[in-house]
Enquirer: 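One structure is given below, represented as structure tokens, and several questions about it will come after.
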Amino acid sequence: MAANWYQEQPTNRNFLSPVGFRLDLEIFHGVDFFCQTASIPDLSMPIAEVNTPYRRVPIAGSGGVQFGDLNLRFIIDEDLKNYTSIHNWIRKFGLSEERSDSEDHYSTALLYILTSHNNINHIIEFTNLFPVSLSGVPFDASITDIDYLTADVTFKYERYDLRDETMNSL
């Protein structure tokens, strides 16, 4: 056992940077979302509890997996291109008079996780993603320092998968 100690050591001692990420939405080519915050959504599995004389024992349920929402904050570009892309997506499929059944309202999204050298290390692929809320844009002429305007958007989706930089499953 003592002779194999080197095999049990971590092979990568670099830590994951919280500022290395980028989002691409399949349906909006050429639109950059300048993401400020994003997170891999939570994942949970329902459980069942069995009563025993001493305590309740949890067991793995068979109810599938539940995915949390994908929440993003992005800087709004001067032409409002990224904001209006999401805005129109929500309006188009939320208002029955603007909706066309021939068009698909889902998209694939790729959240790229970057290394400390800004190379793609992992990809989170979201399947059948669609927006459910978009924040307003607060203008304020009384501020003294210019902070660029941001918007928050919440997406629902069918599933997400963790992939390596070549799109193979992890």
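Scope of the values below: all heavy atoms of this structure, side chains included, with no hydrogens, waters or symmetry mates.
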Enquirer: Evaluate the side-chain proximity of E125 to T108: yes if any heavy-atom separation is below 4.5 Å, no if none is.
Expert: yes

Enquirer: Determine whether the side chains of N121 and T115 contain a donor N or O and an acceptor N or O closer than 3.5 Å.
Expert: no

Enquirer: Apply side chain to side chain contact (heavy atoms under 4.5 Å, CB included) to I120 and R22, showing your working.
Expert: CA-CA 9 Å; I120 295 172; R22 185 180 85 227; 4.2 Å; yes

Enquirer: Using modelled atom types only, decide if a donor and an acceptor are shared between the side chain of Q36 and the backbone of F34 within a distance under 3.5 Å.
Expert: yes

Enquirer: For the backbone of P41 and the side chain of Y160, can you confirm whether one donor and one acceptor N or O come within less than 3.5 Å of each other?
Expert: yes

Enquirer: Using distance alone, with no hydrogens and no angle criterion, decide if R163 and S169 have a side-chain donor and acceptor under 3.5 Å apart.
Expert: yes

Enquirer: Tell me whether D77 contacts the main-chain N or O of D79 through its side chain, where contact means a donor paired with an acceptor under 3.5 Å.
Expert: yes

Enquirer: Would you say W89's side chain and P131's backbone share a donor-acceptor pair under 3.5 angstrom?
Expert: no

Enquirer: Ignoring hydrogens and angles, tell me if any N or O in the side chain of T84 forms a donor-acceptor pair with the backbone of H87 under 3.5 Å.
Expert: no

Enquirer: Should the ring pair F74 and Y83 be called parallel, tilted or perpendicular, given that the plane angle runs from 0 to 90° and is split at 30 and 60?
Expert: tilted

Enquirer: Do the side chains of L110 and F126 get nearer than 4.5 Å, heavy atoms only?
Expert: no

Enquirer: Can you tell me if N82 uses its side chain to pair, donor with acceptor, with the backbone of V31 under 3.5 Å?
Expert: no

Enquirer: Taking C-beta and beyond as the side chain, do F21 and L111 meet within less than 4.5 Å on heavy atoms?
Expert: yes

